[in-house]
Amino acid sequence: MEQYYRQQLACLCKNVRGADVAAMEASCRHWDGIAKPLGGLGLLEEMITKLSGISGTEDISLARKGVVIFCADNGVVAEGVTQTDSGVTAVVTENFARGIASVNRMASVAGADVIPVDIGVAGEIREPGVQNYKIAPGTANLRREPAMTPEQALAAVHTGIRIAGNMKDMGYDILAVGEMGIGNTTTGSAIASVMLNEAVETVTGRGAGLSEEGLQRKIQVIRDAIALHRPDPEDPLAVLAALGGLDIAGMCGLMLGGAIYRIPVVLDGMISLAAALLAQKLCPVVTDYLLASHVGREPACERGLQRLGLEPLIHGRLALGEGTGAVMLFPLLDMAESVYRQNSTFADIRIEAYERMD
């Protein structure tokens, strides 16, 4: 079964095409004709042009937005790497469906739908608004054994791909990715350490809040796990199975699905970046379909963005998760799209256009 899943995934990734260069060139020409200084909106102009490359047309739409939040528990919590226990994951997952979590408030302002996905919550989810794609009731303790079987990791990745396709079919123009899972800054940092080839202490932060003693314990747990499993960064699926979480696997799949089905995916903080590093290794062209929202507080964020070749707009020291940082990008993109679609051109106002001097 593992080999079958791997072959399916390799086939899907092999057929992914990069961004549409002609559409991006048309978008750039359109920007240059708008009556304003050339490149005056900086990264926002580049992001709108990137969206043109993803959609295959300069006439982009951001009318329907969704935030897909993958929720799962992590067995490594047993090692004392968090302030709270795993029971919080189920509570917050249901709060997403009830519309009362932080990301719900922010998504409402941004005009985005929140789609919570139970891909591995240990507790029972009773709220009907949560989509049930549960692979397992959480992962194993990565310090003692692999977090997942290869089959579980691959099933979760394929689930994320399938969700991306479903969202495309439902008419979504852009997706943001989020997560909820107590202990997932430990799994995310472990993956980041391996995929970035960085020392554990360099990429590991305090998560939702740890004392200095707690941080050192977390670092040691990750070191022990990497020493136990010796994951090969050239085999991202093996890294994922040994060290990851079902939430990270689902996010990785959603990003791959974004490339497969040509729908942009906005990244959130460090945990989504860990997923993106895996997705990039599986399918290098996936970064054509990813947008960076912010630089989070966790130390792996800046290094992860550099490896992905993505530049974020927001520098807010954010560390909330849930997709909250990703949602913040939506209103900024809406503003840029409004200028892109509605502003007068130099021809409209009959003045000479700016010329590029670089």
Side-chain angles (χ1 to χ4, degrees), residues 19 41-55 60-70 96 102-104 106-117 160-161 163-164 167-168 170-180 188 247-248 250-280 285-296 298 301 304-305 308-316 318-337 340:
L41 288 178
L43 277 174
L44 282 169
E45 292 191 27
E46 294 177 19
M47 287 185 173
I48 294 295
T49 294
K50 187 170 187 175
L51 293 174
S52 296
I54 293 170
S55 63
I60 67 163
S61 172
L62 296 175
R64 193 167 189 196
K65 310 174 185 70
V67 191
V68 184
I69 307 174
F70 291 91
F96 294 144
S102 299
V103 70
N104 298 100
M106 297 168 74
S108 177
V109 172
D113 300 325
V114 174
I115 301 96
V117 175
I161 293 172
I163 290 171
M167 301 295 284
K168 179 77 170 185
M170 287 190 291
Y172 283 90
D173 300 300
I174 189 169
L175 302 176
V177 68
E179 41 62 37
M180 175 59 209
D247 53 349
I248 293 175
M251 287 190 291
C252 176
L254 190 83
M255 294 167 200
L256 294 172
I260 293 164
Y261 298 109
R262 303 189 75 84
I263 182 169
V265 177
V266 180
L267 303 181
D268 192 36
M270 183 274 292
I271 300 156
S272 69
L273 290 172
L277 291 169
L278 297 169
Q280 181 190 49
V285 77
V286 75
T287 52
D288 283 6
Y289 297 84
L290 303 180
L291 298 176
S293 58
H294 73 103
V295 183
E298 290 290 300
C301 288
L305 288 165
L308 294 166
L310 300 175
E311 189 172 357
L313 271 166
I314 302 165
H315 295 253
L318 306 177
L320 179 55
E322 303 181 4
T324 50
V327 168
M328 287 184 182
L329 186 63
F330 285 158
L332 297 173
L333 291 174
D334 283 340
M335 293 177 202
E337 184 195 14
Y340 182 75

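What's counted below: heavy atoms across the whole structure, side chains too, no hydrogens, waters or symmetry copies. Everything numeric in this text was worked out from a predicted model, so none of it was measured.
Of all the heavy atoms in Leu305 and Ala292, the pair that sits closest is CD2-CB, 3.6 Å. The two atoms that bring Val265 and Gly258 nearest to each other are CG2-CA, 4.1 Å, heavy atoms only. Of all non-hydrogen atoms in Leu44 and Leu332, the two that sit nearest each other are CD2-O, 3.6 Å. Here the closest heavy-atom approach between residue Ile115 and residue Asp113 is recorded as CD1-O, 3.6 Å. The shortest heavy-atom contact between Gly304 and Leu277 is O-CD2, 4.1 Å. In plain terms, the two heavy atoms of Leu175 and Phe330 that are nearest each other are C-CZ, 4.2 Å.
Distance check, rounded to the nearest 0.5 Å: CG of Leu310 to CE of Met47 gives 8.0 Å. Rounding to the nearest 0.5 Å gives a distance of 7.0 Å between CD1 of Ile263 and CG of Asp173.
At least one side-chain heavy atom of Leu267 sits less than 4.5 Å from a side-chain heavy atom of Met255. You'll find the side chain of Phe70 reaches within 4.5 Å of the side chain of Val177, heavy atoms only. Side-chain contact between Met251 and Ile271 is present, with at least one heavy-atom pair separated by less than 4.5 Å. Annotation: side chain of Cys301 is in contact with side chain of Leu273 (closest heavy-atom distance under 4.5 Å). Using a 4.5 Å heavy-atom threshold, the side chains of Glu337 and Leu51 count as separate. Considering only heavy atoms from C-beta on, Leu333 comes within 4.5 Å of Leu291 through its side chain. Using a 4.5 Å cut-off on side-chain heavy atoms (C-beta onward), Val103 and Met180 make no contact.
For the side chain to side chain contact (heavy atoms under 4.5 Å, CB included) test, residues two or more places apart in sequence or in another chain that qualify with Met328 are Met106, Ile314, Leu318. Annotation: side chain to side chain contact (heavy atoms under 4.5 Å, CB included) contacts of Ala164 (sequence neighbours excluded): Leu254, Tyr261. Judged as a salt bridge (charged side-chain N to carboxylate O under 4.0 Å, His left out), and not counting sequence neighbours, the contacts of Glu45 are Lys36. With sequence neighbours left out, the ring pair (Phe, Tyr, Trp, His ring centres under 6.0 Å) criterion links Phe96 to no other residue. Listed by chain and number, the residues in a side chain to side chain contact (heavy atoms under 4.5 Å, CB included) with Ser55 are Thr57, Ile60 (sequence neighbours excluded). For Val285, the side chain to side chain contact (heavy atoms under 4.5 Å, CB included) partners two or more places apart in sequence, or in a different chain, are Val16, Cys283, Asp288. Lys65 pairs by the salt bridge (charged side-chain N to carboxylate O under 4.0 Å, His left out) definition with Asp334, not counting sequence neighbours. Every residue meeting the side-chain hydrogen bond (donor to acceptor under 3.5 Å, both in side chains) condition with Glu179, not counting sequence neighbours, appears here in chain and number order: Asn184.
Here the side chain of Arg262 pairs no donor or acceptor atom with the backbone of Ala19 at under 3.5 angstrom.
Applying the side-chain hydrogen bond (donor to acceptor under 3.5 Å, both in side chains) test to residues at least two apart or on different chains, the pairs with a partner in residues 264-274 are Asp268-His294. Pairs passing the side-chain hydrogen bond (donor to acceptor under 3.5 Å, both in side chains) check and including a residue from residues 318-327, sequence neighbours excluded, do not occur.
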